[in-house]
Amino acid sequence: MTVASDKRRINLDALVIRFAGDSGDGMQVAGDRFTAGSAIFGNDIATFPNYPAEIRAPAGTLAGVSAFQVQIADHDIYTPGDSPMVLVAMNPAALKANIADLAVGGVLICNSDAFDKRNLEKAGYQSNPTEDGSLDNYKLYSVPITSLTLEACKDIGAKPRDAERSKNFFALGLITWLYDRPYQSTLDFIKLRYAKNPQVVEANTLAFNAGRHFGETTEAFESSFEILPSQLTPGEYTNLTGNMALSWGLIAASTKASLPLFLGSYPITPASDILHELSKHRNFNLVTFQAEDEIAAVGSALGASFGGAIGVTTTSGPGVDLKSETIGLAVSLELPLILVDVQRGGPSTGLPTKAEQSDLLHVLFGRHGEAPVAVVAAATPAHCFEAAIEAVRIALMYRTPVYLLSDGYLANGSEPFCIPDPEELPDISIEFATSPNKILSDGSEVFWPYLRDQDTLARPLARPGTRGLEHRIGGIEKADGTGNISYDPANHELMVRLRAAKIERIADSIPPLQVDDPDGASILVLGWGSTHGAILAAVNEVRKLGKKIARAHLVHLNPFPKNLSEILNRYETVLIPEMNTGQLAMVIRSTFLKDVVQLNKIQGIPFKVSEIKAALISLLDGGQL
Amino acid sequence: MTVASDKRRINLDALVIRFAGDSGDGMQVAGDRFTAGSAIFGNDIATFPNYPAEIRAPAGTLAGVSAFQVQIADHDIYTPGDSPMVLVAMNPAALKANIADLAVGGVLICNSDAFDKRNLEKAGYQSNPTEDGSLDNYKLYSVPITSLTLEACKDIGAKPRDAERSKNFFALGLITWLYDRPYQSTLDFIKLRYAKNPQVVEANTLAFNAGRHFGETTEAFESSFEILPSQLTPGEYTNLTGNMALSWGLIAASTKASLPLFLGSYPITPASDILHELSKHRNFNLVTFQAEDEIAAVGSALGASFGGAIGVTTTSGPGVDLKSETIGLAVSLELPLILVDVQRGGPSTGLPTKAEQSDLLHVLFGRHGEAPVAVVAAATPAHCFEAAIEAVRIALMYRTPVYLLSDGYLANGSEPFCIPDPEELPDISIEFATSPNKILSDGSEVFWPYLRDQDTLARPLARPGTRGLEHRIGGIEKADGTGNISYDPANHELMVRLRAAKIERIADSIPPLQVDDPDGASILVLGWGSTHGAILAAVNEVRKLGKKIARAHLVHLNPFPKNLSEILNRYETVLIPEMNTGQLAMVIRSTFLKDVVQLNKIQGIPFKVSEIKAALISLLDGGQL
Amino acid sequence: MAMIEKLTRKDFMSDQEVRWCPGCGDYSILAAMQLLLADLGVERHNTVFISGIGCAARFPYYMNTYGMHSIHGRAPAIATGLAIARPDLDVWVIGGDGDMLSIGANHLLHALRRNINLVIVMFNNQIYGLTKGQYSPTSELGKITKSSPFGSADQPFNPISLALGAEATFVARTHDMDRSHMQYVLNRAHQHKGASFVEIYQNCNVFNDGAFESLTGKENRQDKLLMLRDKEPIRFGQDARYGIGLDQDGCLRIIDTDLEGTEKILTHNEYQADPSLAFALSRLGASETEPRPMGIFRDIEREDYGAAMTAQHEAAQKKNGHGDLNKLFRSQATWQV
Amino acid sequence: MAMIEKLTRKDFMSDQEVRWCPGCGDYSILAAMQLLLADLGVERHNTVFISGIGCAARFPYYMNTYGMHSIHGRAPAIATGLAIARPDLDVWVIGGDGDMLSIGANHLLHALRRNINLVIVMFNNQIYGLTKGQYSPTSELGKITKSSPFGSADQPFNPISLALGAEATFVARTHDMDRSHMQYVLNRAHQHKGASFVEIYQNCNVFNDGAFESLTGKENRQDKLLMLRDKEPIRFGQDARYGIGLDQDGCLRIIDTDLEGTEKILTHNEYQADPSLAFALSRLGASETEPRPMGIFRDIEREDYGAAMTAQHEAAQKKNGHGDLNKLFRSQATWQV
Ligand SMILES: Cc1ncc(C[n+]2csc(CCOP(=O)(O)OP(=O)(O)O)c2C)c(N)n1
Ligand SMILES: Cc1ncc(C[n+]2csc(CCOP(=O)(O)OP(=O)(O)O)c2C)c(N)n1
Ligand code: SF4
Ligand code: SF4
Ligand SMILES: [Mg+2]
Ligand SMILES: [Mg+2]
C-alpha cells in the first residue's frame, strides 16, 4: 500500500461530474453536497439535477434513475457542462441511462455490488458491461460500494437495510478524495441535517470517511486531481437554485417596495419550490396561500393586489393556461400582478420535470381580446433574483400584470449567488393616492381611478381603507378618466390603444440592450431565458478559435429594449437559439421584419454548448442550419 | 285627402333603414319582420341588430336604446350598410343615440308622443330637437305613433298599457307602406306568433294596418318607394343569422359524417344562441349539455369525442380563455374537437354584446407548450354554415381540435341562405379502427393508437366498445406509434414536430386561395372573418371609380392555403383591415416576412364600407394610412 | 375615528344609475343593504364589495364603498386574497346562483371550509338572468328554458345543504320580500367572524317571474315559511299550529300541535357544533306540504383563516425575528471570494 | 356475446409497468379492482377508466380496458361527456383527494347532482402525492407539510358530507387494507344506476405514512371502524358492544349496550330518500372517541342523466320525426328566387 502523498495530484481547470442512481439512492443529496463543498472552496459552479418521471418507479428500473450533474471550475462557467467527465453509476440502470453522455476516456465509477443478475436484467443488459469489455472506452473503476459501506458501519449496530442507505456518502467520500474537495463542511452538514437521528449521523459519517480513505489507500486510483478556486468577483457567495433566487428576489422586492407580499399558488412541478421556500419566511411581511386551483391562486393574488399587496402567483405548464381569464381582468383593472411561469415541456402534461421555452407566445398572446402584459425572463439561476425584482418594479410602476419567465432548468439548477447589500438594491416603492385627483365642474372633488400619469400612463391606485377615495372597478370596458362603465365605441378604441401604449412606455424605464461584440462581428446570437449559459460558453469557445461573434441576451421580452431594432439591423445574420420551435424568432420577424436563423431544440433538455458552437461555426463558414 | 295612386312611387336600388327605440319597444321584432318581408319579396338583405348593454336600463335612457339596421337591395349586397337612409326613433334617447349615423337628407320618423319633457331630459336634450330646428338636415316626420296606435286599438277593449305595446307594428306598417313592402306575410306572422293571445293578435294587426293606412292617406309623405327583387342565384332561400347558420352547419356535418353531435356549452353572449338553437333539434342524432362552466363544457365535448361523437363546444370572450388547458390535452390526445369562438369585445368582460376580431392570436398561440390547432373563420352570416362543415371535416380527417371563429356581428346579423340539397353536401365521414394495426416481433397483433397515416399524419381512432382494441391515451408525452408514455428527449422533439406537421398537412386538403383581381392590380386587400362584406362592397365601389384593386379573403387561418405566399409576393401593397390591433397582419409578417399595411378598427362595431373605401383610395393615391 | 353624524342610505348610494329591470328583486336587496350599513354606521372606506358576473353581480357599482366587479364565478377567490391580505377590511361577496353555484361553486365551498372572513351573499333567482334565461344549478327539474326546451334534467343543488356539507360556519337564508328579515340575517352574517353564507331568494321578474311566490308571497308566508329562531321551538303556520319533530329514522316530520301537543317539537340551536340537525332542516321544503325554513341554520365559532395567518406570522417573527434580508441571504452556507 | 371463459386478473392487467412507490396503497386498490372486474366478467372493451392527474390518476394505464389519463381535476367533466354520448359504456372515474376535491371538486359535485352514470372513485391519502407532499383538502388542521411549515389552517372537507350535500345518489367509503370490503363497495357502486361516489382511504407511505393506521390497522379496526350494513342495527366494537343512537338535538351518540341495552340503536337504511341520517353518520369519527363509518351511506334511485337524455331524444323524434336536413332547412319561412 502506498500513502496519499505518493500519488500524483493533477491540476484541472474544470470538472463535470454526474452522480446517477436509483431514485432512492440519494444522488441528489450527494450531488448537492459535492456542489456545496466546491462552492465553499471557491470554485465557480453550475448544477443540473435531472429527476425521473414523477412517480417513483420500481427500484432498479430505467424509469427510476435520478441524476445530478455539476460543473466546477477555477474560472467563470455558464453551464453544468455538456458531457460529464466523471460518472458515478450506483446500479446498472443508472449506467445504461447515462453512459452515452460520458466523454470518451472519462472516469466511470460503478457500484459493483449492484451489478447482479436481477439488476442487470431490469436494466435490460444481457451481460455485465463492467466485465464484458463494452466499457473499454472509459476509465472504469468497479467499487463494491454497498458492501464497503456495510463494512464501515458494522460496529454501530445499524440494520443492514439502514446502513446501506449511507452508500451515497461513501461515493461522495471517494469523489471528495479523488478531486481533493474540502470535507469538513460535509461532516458538519451530516451532523446538522440528520441531527434527529444520531445513528444516521454516525453511519453517514463512517461511510463518508470510508469512501475518502478507500480512495486514498487503494491502488485503484493512480492520481487525484485538484481544481483551484475561481476568480469570481469578490464578495460573499451562497449557492442558489433558480427557484430559491426567485423567491428571495420576491422577498427583496417586497422589502424594497415596503409592501406586503402575497403569494397565491397551487402546487405544480417545477414551480412548487417557490411556494415551499416563501412559506418558510413568514417572519417577513408576506403570506403564502395554497389555493384550490390555479384560477383561485391568481384570483387571490389579484384580490391582494387590489388591497395594496404585491400579488404574486407561481405556476408551470397547464397552470399557466388556467390563469388567462383572470390576467385579462387584471389588464382591464390595471393592477400590479406578478405571474411566474416556470416553463416545462408541453403540450398538456407533457414532460413535467423537463425544461422548455415554449410558453413565450402564450404569455404574450394567450388571452381573449387585446390584453397586453409585460414579460421579463430570467437568464440564469442567480439572475432569477434580479429578474424578480425587475418584474415587481414594472408591475408596481405601471400597474400592470408582469409575466416572469423561468424554466425547469433554471428552477432546479444552481450557481453561486453574490450576496447583495440590501441597501443597494433599487428602491421600487410607489405612491398610493390619498386624496381626490379631480375637481368637477360643480367644484366637488372626486377620485377618478383612471386619470393617468402622462409619462407612464399609469393610473392612480387608491387602496381600500383610504377615506374618501371609495370607487368601483371592473372588467367591463370603462371610460378613461372616470373609470365608469362605457360602451362608447371611440372610448373602447382609446382604451385598447392606451393599454398597449402603457406597456410600450415601460421601454422608457429599461436599460438598452447590451451587445457583447468585441471584434465587430457580422453574426449576432440573440438569446433569451435559460439558453444564456450555453450561448455564452459557445461564443467564448468560438472566439477562442479566432472567429468573430456578437452576442446579446434579452431579459425584457415585452416591451423590447428600445435599441433592439437598431441592433438587429447592424448584423447581417441573427441566430436565435430557443428551446421551442421558434417563438422569439416569430416575434422578432413580425416586429422588425428581419429574417433570423433559428436553432431549435425541443427535447426537454437544455442546449449543449457544443450544439450552439457547431451552429455558429457552420454559420461562420457560410453554411446553412 | 288624396289616394295612394296619386302619390309618386320612386324606384330605389337599395335601402338602409334603422329602427331604434327603447329595449321594451319591440324594435328587434319590427326590424326582423321588415327583413323577412323583404327577403320573401326577393330582395337581397343584410341585417345588424345592435343590443344595448346586458341589463335592461331604465326606460327612456340612452343605455336602454336598442336598434336594428337592415339593408335591402335589388342586387347583391354585402353589409347592412354604413349609414341608414331612414331612421325610426321611438323616443328622444333613440334619436340621440342614432342621429349621428343618419345620412344627411335622410328620412327621420319620430314618435312625437314620446318627445315629452321627461323623456327629453332623460336623453339629455335641453329643448325638443324635433321642434328647435336642429334636425333641419333631415326629412323629419313627426308622427304621434303612440296615440295613433291607441286610437286604432280603442275598440277591442285592451288596456292602454297593453295596446301601447303594439306601436312597433304601427311603425312597421308605416314603413311597409312607404317602401312598398309585401304585408301579408307580416299579418300571417302576427297570427302565428301571438296565437296564444288573441287580443294581442288583434291589437298588432290593427296597429300594423293603421300604420299602413296612415302612410297612404296622410299628406305627410309625398312619395313612396320601391325596391325591386334582386338577382340572387336561383334557388330556395331562407333568412339566417350567423348563429343559426352555424348551428345548422353543425347538424349537417353530423349528418354527413354519420356521427352523433355532442355540444357541451356554457351560456355566454353572443354565443348562447347556438346552444339554444341546437337544443331544439334533439330529434337529430345530437345532444346538448349545459355544463357547469366552460372547462366542463370543453371537457365533456372531449369526452364525447373520445367516445366517437363529434364533440363541439361554443363560447365567447372569457370562455375562450378557460378552455386552453383542455384544448392542449386534445392536441396531445389527437382527437377531433370543434371549438367555436364567437368573438366579442375584450379584454376581460369588455364589450360583451359587441364584435371584435381580437381572439386570433389567442386561438393560435394561447396554450402552454407547442400545441398547434387548425383555425377556420366564417366570413358572412350564411357562410357560418359552410365554415362549420369545413371545421368538422378537418377535425375528423386530421384528428385535431379546430377553432371555428365567428364574431358578434356575424352571430346576430342575417342574410339570405340558399338552401342546399343535403345530398350535395360533402361526405365527411371517416373510418374508425376495427382491428389491430401492428404485428409485433413475437407475432402478436396489437393496436397502436399512434401509428399514423403517412399522408395525413392522422392517427387511427378506435372507439371504446371496439373489442380487442382496448388502449389508454393521456396528456403525458407519448412514444409515436405505441402511444406509451415516453420521456425520451428525441421522441419529444419528434412528436412536437409531427403534431405541427400534421396541422401543416391540412393545407393539402384545402382549396387554393382565390384572388378577385379582374384588372391586374398592384394593391391587394386581404381580409378574414366578418370584414368580408365591407371589404367586398368597398372594393366594388372603388372599382366603379375605374381603379384597380385585388381582393382575397382567408377562411383558413391555420394552416394558410398553400398559394398564399405566392399571392402576397405578387402585390406591391397588401392592406389588411381587421377589427383588432393587427393580429393577422402580425402572423403574415412573421410567416412571409412581407410588410403589410394595417387598417384597424377596435370599436366593437364593424367597418363601414366608406372607411375601407377611403383607405383604398388613399393607398391608390400613393398615400399612407 | 368615531362616527360623528348618523349615516343615511344616501351615503351608501353611488352615483351610478341602477340598471336592473324595473321590478327586479335586486332593488329591494340593494335597499336593505344600504339601509343596514347606514344603520350600523360602518365605515364606507373600510368596506369592499366583490362580485362576479351576472345581474346580481352588478351590485358593487351601486354601493358607495370600495368595490370590484370581477369575472364570472371567481369573486370568492378574489375576495379570499383581499381578506387574507387585509384583515382590517369588511369584505362582502355578491353573486347569483349561476355565478356561485355553477362556475364558481368550488371557490365558494373552499372559502367556506377555510372560514375566510367574508360575508358571501348569493341572490338565488333560479335562473341565469344576465344571459337571458337559461336554467341554473338551482332551477327545478324539468324546467323549460332557452337551453332546455325539453326540460332540464339536472337535479338542483340545495344551497344550504351544500354549504353545510362544506363545513360552513355560518349558513342562513332569507328573501327579497322581507326587508327586516333580510337585514336581521345580513347583520348577523356581518357579525360572524369567518365565512358567512347567506342565500337570498330573489325574484327575476323577466326570466323567472314568481319563482318563490308560493313561498314568499304575503298570503303564503305563514304556512309556507318556517322562521328559525335560536332557542325557540321550531313552529310555523297560523297560530304556530305546526311544529317540527325528529323521527327515529333521522328524518324530520311535521307535528300538528292540535293532535300531538308541543312536547316533541324540536328547539332550534344555531350554535350546535354538529351540523346534522341544521342539515336535516335544510331538507325541509322539498315537497309541497313542507314549509321552507328561513333564518340562521348555523352559526358556530371556528378560528378564521385571517386570524390563523396573523398568528403564524407573529409566531414566525417570534421564532426567527423580523424579516431581515441580510439574514435571509445568509440563511445557508456562504463563502467569501 | 355471452362470456365463454372465466376472466382472470391478468385479463385486466395492461402491459405497462406499475410505477407507484413500493408499499403504496394504490397497489391494493388496483388488485381489488382487477380481481373484481374479472369476477364480474365485465367486457373489457365496454369499460373505460378516466382519470385526472396525480399518483392515483395513473390508474387507467394499468387497466387493460379503454382509458384516458386526462388533466388535473377534469376527469368527472370529461367522463360526463363520454357517459352522455355513450350510455352503452361502463365509465369509471379515478382520482386523488387533490384531483377531486381541490381543483376538481366542482365537476365532481355537478356530476353527482346530475346523476351522471359514472362510478367515481376517490383515493384519499390526505396529501398531494405526485407533487411530493403538500397538504390536500382532506389534510387535518395544523398539518405540517412542504407548503405549510407552520401548519395548515384549512379546515378539511369531509368527502362524504360534501357528496351528500351535493345530492349524490350513491355514497360510500372503504379502505385499502380490506380487499373484500373494497370489492363489495365497488361492486355495489357499479350496480348503482347514476353517479356513485366511493371514497377509499389510501396510504401514501412516502408522504403521509400511517394517516389511517389508527383506524384501519388490523388491531384498531374493531373499535375504530363502524361497518354499515343495510337494515342492520348500527353497531361496533368487540362483541358489537356499542351502537349508535339518535339524540333529540339531532346528534348521534354512542350507546354502550352493556349499560343501555340495544333498544335505542338505530337501524341503517341505505335506501332512505332523506339524506339527513346518512349525513349525521358522515359526521361520526370527528373526535377520537367515535368510530369512523365504512360502507354504503346512501344508495337511492333517481333517473340518471343519460336515461333522461335518451327519453328526450325519443320524445323529440316522436314529436318532430327523425332529424331530416331538408325539413330543418325549411323550418322557417323560405322563398324562391
Ligand atoms: C367565463 C364566463 N362564462 C360565461 C359568462 C356569461 N354569463 C354572464 S352572467 C352568467 C350567469 C348569470 O346567472 P346568475 O349568476 O344566476 O346571475 P343573475 O344574472 O341571475 O343575477 C353567465 C353564464 C361570463 N360572463 N363569463
Ligand atoms: C392544472 C394543474 N395544476 C397542478 C398540477 C400539479 N399536480 C399534479 S397532481 C397534483 C395533486 C396530487 O394530489 P392528489 O390528487 O391527491 O393525488 P395523489 O398524488 O395524492 O394520488 C397536483 C397539484 C397539474 N398537473 N395540473
Ligand atoms: S334579468 Fe331578472 S335578475 Fe336580471 S335585472 Fe332583470 S329581473 Fe333582475
Ligand atoms: S407518492 Fe404516495 S401516493 Fe404516490 S405512489 Fe408514492 S406512496 Fe403512492
Ligand atoms: Mg341567477
Ligand atoms: Mg392525494
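Protein chains get the first letters and strands the later ones, always in sequence-line order, with residue 1 at the start of each.
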Query raised in the report: When only heavy atoms count and the cut-off is under 4.5 Å, which of residues 276-286 of chain A reach chain C?
Result: A:His281, A:Arg282, A:Asn283, A:Phe284, A:Asn285
Requested in this report: Under 4.5 Å heavy-atom distance to chain C, tell me which part of A:Pro234 shows up: side chain, backbone, both or neither.
Outcome: both
Report task. Please step through salt bridge (charged side-chain N to carboxylate O under 4.0 Å, His left out) for the pair A:Glu292 and C:Arg113, ending with a clear verdict. Result -> CA-CA 11 Å; A:Glu292 58 271 25; C:Arg113 81 173 172 97; over 6 Å; no
Query raised in the report: What distance do C:Asn64 atom CG and A:His471 atom NE2 have between them, rounded to the nearest 0.5 Å?
Result: 11.5 Å
Requested in this report: Can you tell which part of C:His107 gets under 4.5 Å to a heavy atom of chain A, answering side chain, backbone, both or neither?
Outcome: both
Report task. Starting from the C-alpha separation in whole Å, work towards a yes-or-no answer on side-chain contact (heavy atoms from CB on, under 4.5 Å) for C:Arg44 and A:Arg467. Result -> CA-CA 8 Å; C:Arg44 291 194 290 113; A:Arg467 193 182 293 273; over 6 Å; no
Query - Gap between atom CD1 of C:Ile71 and atom CD of A:Glu325 - 0.5 Å precision - result: 3.5 Å
Query raised in the report: Hey, do the aromatic rings of C:Phe329 and A:Tyr237 have their centres closer than 6.0 Å?
Result: no
**Report entry** Greatest number of heavy atom pairs closer than 4.5 Å to chain C - which of A:Ala36, A:Pro416, A:Gly468
**Finding:** A:Pro416
Query raised in the report: Going by distance alone, is a donor N or O of one side chain under 3.5 Å from an acceptor N or O of the other, for C:Gln332 and A:Thr238?
Result: yes
Query - Residue part contacting chain C, namely of A:Asp188, when any heavy atom lies under 4.5 Å - result: neither
Query raised in the report: Would you say C:Arg330 and A:Ile419 make side-chain contact, with heavy atoms under 4.5 Å?
Result: yes
Query raised in the report: Does the C:Trp335 side chain pair with the main chain of A:Ala39, one donor and one acceptor, at a distance under 3.5 Å?
Result: yes
Query raised in the report: So which of C:Ala315, C:Ala85, C:Gly67 has the biggest tally of heavy-atom pairs under 4.5 Å with chain A?
Result: C:Gly67
Query raised in the report: When only pairs under 4.5 Å are counted, which of C:Met63, C:His110, C:Glu314 shares the most heavy-atom pairs with chain A?
Result: C:His110
Query - C:Leu89 versus chain A, the contacting section by heavy-atom distance below 4.5 Å - result: side chain
Query raised in the report: Once you round to the nearest 0.5 Å, how far does CZ of A:Phe306 lie from CG of C:Leu82?
Result: 7.0 Å
Query raised in the report: Any donor-acceptor pair under 3.5 Å linking the side chain of A:Glu236 with the backbone of C:Thr334?
Result: no
Report summary line: Given C:Leu328, C:Ile50, C:Asn320, C:Thr80, the one with more heavy-atom pairs under 4.5 angstrom with chain A than any other is C:Leu328
Report summary line: From the list C:His313, C:Lys318, C:Gln317, the residue making the most non-hydrogen contacts under 4.5 Å with chain A is C:His313
**Report entry** Atom group of C:Phe49 that falls short of 4.5 Å from chain A, counting heavy atoms
**Finding:** neither
Requested in this report: Using a cut-off of under 4.5 Å on heavy-atom pairs, state which of A:Leu333, A:Ile485, A:Val298, A:Thr466 scores highest against chain C.
Outcome: A:Thr466
Query raised in the report: Would you say C:His69 and A:Ile476 make side-chain contact, with heavy atoms under 4.5 Å?
Result: yes
Query raised in the report: Any side-chain heavy atom of C:Gln16 within less than 4.5 Å of one from A:Arg472?
Result: no
Query raised in the report: chain C heavy atoms under 4.5 Å from A:Pro229: which part of the residue, side chain, backbone, both or neither?
Result: neither
Query raised in the report: Can you tell if the side chain of C:Val337 reaches within under 4.5 Å of the side chain of A:Thr233, non-hydrogen atoms only?
Result: no
Query - Toward chain A, the part of C:Asp88 with a non-hydrogen atom under 4.5 Å - result: neither
Query raised in the report: Looking at A:Leu425, A:Thr288, A:Asn239, A:Asp293, which one has more heavy-atom pairs under 4.5 Å with chain C than the rest?
Result: A:Asn239
Query - Residue A:Phe447 versus chain C: region with a heavy atom under 4.5 Å - result: neither
Query raised in the report: For C:Ala333, is it the side chain, the backbone, both, or neither that has a heavy atom closer than 4.5 Å to a heavy atom of chain A?
Result: both
Query raised in the report: Could you state the interatomic distance from CD1 (A:Ile295) to CD1 (C:Ile103), rounded to the nearest 0.5 Å?
Result: 7.5 Å
Report summary line: Ranked by heavy-atom pairs below 4.5 Å to chain C, first place among A:Leu329, A:Leu240, A:Asp421 goes to A:Leu329
Query raised in the report: Does any non-hydrogen side-chain atom of C:Asn326 lie less than 4.5 Å from one of A:Pro422?
Result: yes
Query raised in the report: Looking at C:Val91, C:Leu325, C:Asn46, which makes the most heavy-atom pairs under 4.5 Å with chain A?
Result: C:Leu325
Report task. May I ask you to decide if A:Arg463's main-chain N or O and C:Tyr66's side chain share a donor-acceptor pair within less than 3.5 Å? Result -> yes
Query raised in the report: With only heavy atoms counted, which part of C:Arg74 is less than 4.5 Å from chain A, the side chain, the backbone, both or neither?
Result: side chain
Requested in this report: Show your working on side-chain contact (heavy atoms from CB on, under 4.5 Å) between A:Phe289 and C:Arg114 and close with a plain yes or no.
Outcome: CA-CA 11 Å; A:Phe289 170 64; C:Arg114 290 191 186 112; 3.3 Å; yes
Requested in this report: Sort C:Gln336 into side chain, backbone, both or neither according to what part of it lies under 4.5 angstrom from a heavy atom of chain A.
Outcome: both
**Report entry** Contacting region of C:Ser70 [heavy-atom separation from chain A under 4.5 Å]
**Finding:** both
Requested in this report: Answer yes or no: does atom OH of A:Tyr450 have more than 12 heavy-atom neighbours from other residues, nucleotides or ligands under 6.0 Å?
Outcome: yes
Report summary line: Whatever's closer than 4.5 Å to a heavy atom in chain C on A:Ala462 counts as both
**Report entry** Side chains of C:Gln312 and A:Val287 in contact at under 4.5 Å (non-hydrogen atoms)
**Finding:** no
Report summary line: Comparing A:Gly465, A:Gly308, A:Pro260 against chain C, the one with the most heavy-atom pairs below 4.5 Å turns out to be A:Gly465
Report task. Identify which of A:Ser332, A:Ser305, A:Ser300, A:Gly474 forms the greatest number of heavy-atom pairs closer than 4.5 Å to chain C. Result -> A:Ser300
